[in-house]
Amino acid sequence: MNANELTIAAARDALRKREISAVDLTMACLTAIDAGDALNAFVHKTPEIALDQARAADERLKGEAPDLCGIPLGIKDLFCTKGVPSQAASGILKGFKPEYESTVTSKLFDAGAVMLGKLNMDEFAMGSSNETSVYGNAVNPWKVDDRKLTPGGSSGGSAAAVAADLCLGATGTDTGGSIRQPAAFTGITGIKPTYGRVSRWGIVAFASSLDQAGPMTKSVRDAAILLQAMSGHDPKDSTSADIPVPDFEAALTGDIRGKKIGIPKEYRMDGMPAEIDALWAQGIAMMKDAGAEIVDISLPHTKYALPTYYVIAPAEASSNLARYDGVRYGHRAKLAAGDGITDMYEKTRAEGFGPEVQRRIMVGTYVLSAGFYDAYYNRARKVRALIKRDFEQVFAAGVDAILTPATPSSAFGLGEMANADPVEMYLNDVFTVTVNLAGLPGVSVPVGLDSKGLPLGLQLIGRPWDEAGLLNHAHVLERAAGFVAKPAKWW
Amino acid sequence: MLDLTYEAPKPKVIAGAKHDWELVIGMEIHAQVASQSKLFSGASTQVGSEPNSNVAFVDAAMPGMLPVINEFCVAQAVRSGLGLKAAINLRSAFDRKNYFYPDLPQGYQISQLYHPIVGEGEVLVEMGPGIARKVRIERIHLEQDAGKSIHDMDPAMSFVDFNRTGVALMEIVSRPDIRGPEEAAAYVAKLRQILRYLGTCDGNMQNGNLRADVNVSICRPGQYEKYQATQDFSHLGTRCEIKNMNSLRFIQQAIEYEARRQIAIVEDGGKVDQETRLYDPDKGETRSMRSKEEAHDYRYFPCPDLLPLEIEQAWVDEIAASMPELPDAKKARFMGDFGLTDYDANVLTAEVANAAFFEEVAQGRDGKQAANWVINELFGRLNKEGLSIAETPVSSAQLGGVIDLIAKGEISGKMAKDLFEILWTEGGEPSEQAAKHGMKQVTDLGAIEAALDALMAANPDQVEKARANARLAGWFTGQVLKATGGKANPAVVGQMVNQKLGL
């Protein structure tokens with residue numbers, strides 16, 4: 001086994017037993033990254049930074065050191081990393097190198113983590129296939145025939161890199177499913193924490209009221225370790241919660257006896273593939289076998305979640321992305337003689353933003369405009385409150401976690417959706433967006449392979465701020481599923 | 001304290017070619033919050049810094065940067081609200097006002113459209129003794145200022161200075177209760193005075209720290225009363241908004257011009273278009289900036305980066321407990337306690353520092369006399385020299401000392417003015433300076449008596465005449481004053497002359 005194939009937990013122990021050094025571990029990852037260019041997961045490699053950090057970690061490991069000390073990670077391009085290109089996979093941020101470090105990456109590096117580079121993603125985290133990236137799509141390491149498959153999106157590079165063992169773990173962000181869907185498509189674990197658990201400071205904003213960062217890892221235990229280091233109150237983010245962060249790893253007792261698992265009937269959708277239904281049934285059985293009580297629940301406003309999401313997210317995005325105007329940083333269009341400021345805006349934004357981002361800016365601008373605000377944005381806010389209330393009522397009735405499919409299908413082929421109605425692509429988020437709208441924690445756990453041999457995941461949704469309990473449920477599901485499959489190396 | 005009652009002033013009436021017309025004016029005052037740092041960042045608000053030197057990452061709208069509310073600015077808004085007798089909203093919220101402009105790096109201004117921090121209040125605007133307009137305040141909200149675009153430094157390029165970007169503003173919105181250009185200027189002056197008393201805005205209009213958008217419409221006499229009774233705007237004319245005025249004089253000129261422009265349109269059978277206009281002080285006219293159709297669609301929505309702003313009543317009470325005495329109360333107290341005239345009380349309370357100076361001078365002395373000296377001598381001289389009260393070379397203790405010397409009869413009023421001049425240029429303790437410059441009046445009775453005795457002995461005829469006709473006694477007083485070089489106290493001399501002559 002190569003060192004880059006280790007889990008974070010295993011590497012943590014090996015580093016402390018001196019079985020391996022942080023430098024060796026980092027070198028193993030850097031070698032794997034270079035050999036994995038076909039996956040197009042890393043869009044900026046930072047080997048010098050990685051080796052400097054690894055050497056410092058080795059020094060630190062001589063004494064007491066945090067869990068993440070010496071652990072090589074990939075960082076989604078949405079995170080601002082000081083002095084390192086941070087472009088949100090967009091042409092409009094061409095050449096942008098922040099003079100500041102995001103709170104999450106600061107915390108990780110303070111804990112001794114090693115940055116291998118920046119990971120591919122959909123442009124501004126808008127997409128479910130990584131195909132909107134200015135760098136071209138990342139590729140799923142899972143492959144069953146000639147077709148190259150999407151790793152999912154928007155955190156596709158993160159998912160591909162972790163699944164292909166290019167790194168031990170990665171950061172992702174999730175606005176409507178951008179951690180959980182790619183995790184499910186690549187057979188790894190990804191958790192979106194409760195809104196406010198992880199600071200958004202220094203993460204390029206997509207939809208501020210929905211965005212949350214979280215870990216993407218090879219195991220639930222790794223997710224607990226990485227989430228621990230990412231979490232905590234940040235006075236620089238007004239929406240970050242000032243509440244204590246429990247010990248997530250210590251919560252992984254494997255005991256969920258007597259816990260109530262809710263199965264929402266509204267998630268059993270028409271036309272859902274039998275394989276997904278079967279996987280869900282397996283998951284239910286696993287939880288039941290572990291001693292949990294299975295209860296049927298109703299989340300009646302679920303059917304409005306997707307349209308609600310696709311009003312609120314573009315509305316916020318249209319405003320959040322107004323700052324990319326070519327005035328201060330990033331791309332500025334070449335202007336013709338006589339061009340004024342409006343020409344500069346129009347040309348810069350037309351050249352800098354890809355079609356999906358432009359579509360969402362236009363949708364968002366429309367739903368906020370005078371005369372349409374009440375019909376769209378305001379109504380969506382009200383529905384959002386109802387969706388949130390659905391969950392509150394279920395949790396108030398004693399449900400500890402909710403089990404649903406993570407995605408409506410396994411990974412699809414790259415380019416297959418190119419001519420589809422954009423709404424077809426948006427349907428990928430159908431099981432995940434509710435969680436963002438309600439601000440809840442949700443985790444995707446790999447549970448099995450479909451008939452083609454591609455990974456499928458299930459989603460567990462937890463009570464607000466109960467990532468500890470949620471991860472324990474995920475841990476039980478993970479053990480019961482015994483998902484150990486790895487993609488056959490073709491790259 | 002006096003309880004002052006006021007009558008409302010008559011609205012301004014402009015005679016058109018066909019009818020008489022009245023004006024209806026509402027204002028939005030943008031007052032920069034007096035604060036060391038910006039509304040959502042720690043960057044300095046220092047004026048006159050190098051361009052783009054007071055800019056935090058969030059002010060420049062760098063990717064991923066987030067706003068964090070400045071508690072002091074919130075306190076200042078609450079203090080301002082309390083000063084305008086307004087309701088304080090314990091829960092308010094921030095919204096984004098979206099538009100593109102290079103001096104607005106975020107592409108939106110964070111403001112409070114739907115839930116402002118301060119609700120309804122009122123301002124009393126005096127238009128003469130016993131006459132005042134009560135102007136209702138609709139709301140005060142907190143918002144970010146924009147930066148500055150500079151178009152005249154280079155023929156081909158424009159530049160942007162973000163120093164001002166994100167500085168906290170209070171937008172103070174009035175109801176359309178102002179009825180003439182003079183009232184409008186007086187309203188701005190009164191607001192400015194209150195904010196300066198509160199220390200929540202320095203009121204520097206030249207720097208743009210206090211500027212006004214003025215909404216003007218015209219109506220026929222009687223219509224406004226219908227509006228007031230129903231609050232139905234359809235009784236009023238279509239309004240035009242004159243943007244960004246930072247001079248009381250221009251505000252008056254602009255309103256006057258705008259009203260006449262609207263009257264001419266309506267009397268010609270036309271319709272006033274609702275639009276935004278700018279005042280050109282060089283030409284003395286307003287011109288259209290953008291029409292209603294061209295008006296921006298600001299796409300306001302709640303700012304998702306900021307939670308609703310919740311403050312506690314106890315905190316508001318704490319601020320209320322630390323409120324200074326405000327102009328109206330101070331004026332009433334000065335009139336009641338010191339017996340000042342309306343005019344003098346207005347002058348002395350115009351600025352809090354002036355009022356404080358006066359109070360130090362008046363303390364334990366005659367209030368009216370103190371007011372005369374402060375207003376006529378001190379303010380007159382300060383004005384002439386272009387100095388502020390903070391720069392006065394004559395302190396309140398010194399001026400009080402001068403007044404004390406007059407009261408004790410040691411110097412005459414004329415001498416006091418000379419002494420004031422000496423204190424202005426040389427400084428020093430008033431009594432010592434008076435002595436040093438030989439100003440003290442001779443009240444040594446022995447010296448006066450000796451001079452009078454000698455005079456009476458030398459002029460027995462005059463003594464006889466004066467005893468027969470008391471009006472001639474003044475001759476002796478004059479002669480004694482002359483003999484003592486003008487330093488004898490005339491009252492004392494006169495008294496002794498009467499006594500010696502047996503009058």
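Heavy-atom basis, side chains included; hydrogens, waters and symmetry copies ignored.
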Largest heavy-atom contact set with chain B, pairs under 4.5 Å, which of A:Ser369, A:Gly371, A:Ser209, A:Ser318: A:Ser369
Aromatic ring centroids of A:Tyr366 and A:Tyr377 under 6.0 Å? no
No-hydrogen, no-angle side-chain donor-acceptor test under 3.5 Å, A:Asn320 and A:Ser208: yes
Which atoms of A:Leu210 come close to chain B, meaning under 4.5 Å heavy atom to heavy atom: side chain ones, backbone ones, both, or neither? neither
Which residue out of A:Gly202, A:Ala370, A:Pro235, A:Ser319 racks up the most heavy-atom pairs below 4.5 Å with chain B? A:Ser319
Find the one option among A:Leu368, A:Leu78, A:Asp325 whose heavy-atom pairs under 4.5 Å with chain B are most numerous. A:Leu368
Polar contact flag, side-chain donor to acceptor under 3.5 angstrom, A:Lys76-A:Ser155: yes
B:Ser288 and B:Glu275 side chains, donor-acceptor separation under 3.5 Å: yes
Looking at chain B, which one of A:Val327, A:Thr342, A:Thr239 has the largest number of heavy-atom pairs inside 4.5 Å, strictly under? A:Thr239
Which atoms of B:Phe100 are under 4.5 Å from chain A, going by heavy atoms: the side chain, the backbone, both sets, or neither? both
Residues of residues 298-314 of chain B within contact distance of chain A, non-hydrogen under 4.5 Å: B:Arg299, B:Tyr300, B:Phe301, B:Pro302, B:Pro304, B:Asp305, B:Leu306, B:Leu307
Note: vs chain A, highest number of non-hydrogen pairs under 4.5 angstrom among B:Pro67, B:Pro105, B:Gly107 is B:Pro105
Is a donor from one side chain sitting under 3.5 angstrom from an acceptor on the other, for B:Ser49 and B:Asn54? yes
Could you tell me the separation between the CD atom of A:Glu123 and the CG atom of A:Leu321, rounded to the nearest 0.5 Å? 8.0 Å
Aromatic ring centroids of A:Tyr135 and A:His44 under 6.0 Å? yes
Under 4.5 Å to a heavy atom of chain B? For A:Thr365 that would be both
Could you tell me which portion of A:Tyr324 (side chain, backbone, both or neither) has an atom closer than 4.5 angstrom to a non-hydrogen atom of chain B? side chain
Aromatic plane relationship, B:Phe94 with B:Phe40 - under 30° parallel, 30 to 60° tilted, over 60° perpendicular: perpendicular
Between A:Glu356 and A:Thr132, is there a side-chain donor-acceptor contact under 3.5 Å, judged purely by atom types and distance? no
For A:Lys97 and A:Ser86, test the side chains for any donor-to-acceptor distance below 3.5 angstrom and give the result as yes or no. no
So which part of A:Ile341 gets closer than 4.5 Å to some heavy atom of chain B, the side chain, the backbone, both or neither? side chain
So which part of A:Phe206 gets closer than 4.5 Å to some heavy atom of chain B, the side chain, the backbone, both or neither? neither
Centroid separation under 6.0 Å, is that true for the rings of A:Tyr329 and A:Phe96? yes
State, yes or no, whether a side-chain contact exists between A:Met230 and A:Thr171 at a heavy-atom distance under 4.5 Å. yes
Measure distances from A:Ala315 to the heavy atoms of chain B and classify the residue's part below 4.5 Å as side chain, backbone, both or neither. backbone
With a 4.5 angstrom heavy-atom cut-off, could you sort out which part of A:Arg200 is near chain B: side chain, backbone, both or neither? both
